[in-house]
Amino acid sequence: MAFPERARVQELFKGLWITFKSMFEKPVTIQYPEVKRPVTPRFRGRHVLNRFENGLEKCIGCSLCAAACPADAIFVESAENSDDERFSPGERYASTYEINMLRCIFCGYCEDACPTEAITLEDNYELSFTNRYDAIYTKERLLVSVPQNGKPTPQEVEPGKFDRSVPVMEDPTD
Amino acid sequence: MEPALIIEWVIKSAILLLFGVTGFAYLTLYERRALARIQVRIGPNRAGPFGILQPVADGIKLIFNQELIPATADKVLFVLAPIITVLPALIIWAVIPWGRQVIIGGREINLYLSNANVGVLYLTAVASIAVYGIVIAGWSSNNKYALLGGLRSSAQMVSYELALGISFIGPIMLAGSMSLVDIVEAQSKVWYIVPQFLAFLIFMMAGLAEINRAPFDMPEAEQELTAGYHAEYSGMKFALFFMAEYIKMIAIAAIGVTLFLGGYRIPFIDIPPAIEPLVFFIKILILLFVIIWVRATFPRFRYDRLMAFGWKILLPLSLANVFITAVILVFRG
Ligand code: SF4
Ligand code: SF4
């Protein structure tokens, strides 16, 4: 090895100077549990099952999401609605709805497949668990809370009012 | 020998050992925080205010780690290696002076364990024991990465020890003594870093190689050797290697301060002896920062370049430095 030329020795000190300077920059660290980084609008976090304004569940138990899911993370079992015990508009509702968050790859295909926009991926990314069973999100954990003017399900409704599973779309631009 | 003197020595040794061990713990924190700042991060700040309990947490974690001894390892040597590594790092402190004398309870107490008249020789001798620990660790693990790490470190430490030892000669010649106390006292006017700047640079480089710090951390080059000589170590045995490395880092900083930066003295100012250890300590902290800073800046050397650098550049340079210093000293009378 030749004796390092002057230029190379200078580079060493330049490097030292750069690291020294960087000590006085503002740290980029985000102090996580206290400070949370905002997520982007189209962020795909934990799923929720949505409700209509009157409190009925949007999910009609059609299992399209389970069929679309590439990771086979969703399990749906449906049951019949009746006007005395109505969970969702139409004939059927999801009596069991489970997503295994250890399998889910957060691709959002379930959201795309859903005919009623019942399942959507929201911005919650804090999905830590210490137990495999806690990774299975059941319907109770996925359902959003009942809206202000709504009633909890099952509801008793007047007969013949909610006979369409998929609501009529008034303005199909969305 | 009077009993009081023995008690005094025991107490001083205990303080030094405690300093070494807590110094190690807090140096890890210091290093992590400083590295984090250089990398524009914050660093560990969760355990206790400013993260000051982080070393405690790390220690507890290491104690409860499972200790593994590989089935084919040489068990006796495997257990002995971390001890051999850590001991020299601790006993090296015996000759490093922290100050002159303080009067406590009517007794004049020297702020050093021993003012050996061959202090510098002792330093180099003790420092070179550590290589045995590393080679034995590498060999006894019966793991090829560990063995390669151990071999590298033996080659590296033996090569750089020469340059390191010769860089000590400059200050020895200027002070006309090998006793570290005399060398510090001889720097009461001007620090030896001024007349011996080259020796200081050589000392820093060879010192970094001697304690296996980046950019000379060949024996544990993670990318090539997984972890080098301590690849098979876990739990407290691993902690001992870690401890040896960090205590040696403090020791190298202390030696640098003693030989080149005026030890516990500030030029021209006569500070009271009681705060001399503090001055010494602050200087060590500054030199430690330099070591960390170098680690944060430079990538690791390639192994053949490392050897070439040691033998073809550092050694001739240090010899030339000794020669020039000797000539100047003779001409000035
Ligand atoms: S986000 Fe993708 S992987 Fe996760 S449940 Fe929906 S379809 Fe399955
Ligand atoms: S979430 Fe949507 S797609 Fe899945 S079962 Fe319910 S309605 Fe069907």
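The basis for the numbers below is simple: all heavy atoms, side chains too, and nothing from hydrogens, waters or symmetry mates. Naming: A, B, ... by sequence-line order, numbering from 1 per chain.
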**OP:** Please step through side chain to side chain contact (heavy atoms under 4.5 Å, CB included) for the pair A:E53 and A:N149, ending with a clear verdict.
**Re:** CA-CA 7 Å; A:E53 267 167 32; A:N149 312 326; over 6 Å; no
**OP:** Can you tell which part of A:F20 gets under 4.5 Å to a heavy atom of chain B, answering side chain, backbone, both or neither?
**Re:** both
Original post:
Is B:Y26 reaching over with its side chain to a backbone N or O of B:I52, donor-acceptor style, under 3.5 angstrom?
Top reply: yes
Original post:
Between A:K26 and chain B, which part of the residue has a heavy atom less than 4.5 Å away: side chain, backbone, both or neither?
Top reply: backbone
Original post:
Just by distance, with hydrogens left out, do B:S167 and B:N321 show a side-chain donor and acceptor under 3.5 Å apart?
Top reply: no
Original post:
Taking every heavy-atom pair that is under 4.5 Å apart, which of B:V294, B:T297, B:D304 has the most such pairs with chain A?
Top reply: B:T297
Original post:
Does NZ or CZ of B:R305 come closer than 6.0 Å to the centre of the six-membered ring of B:F309, within 45° of the ring's axis?
Top reply: no
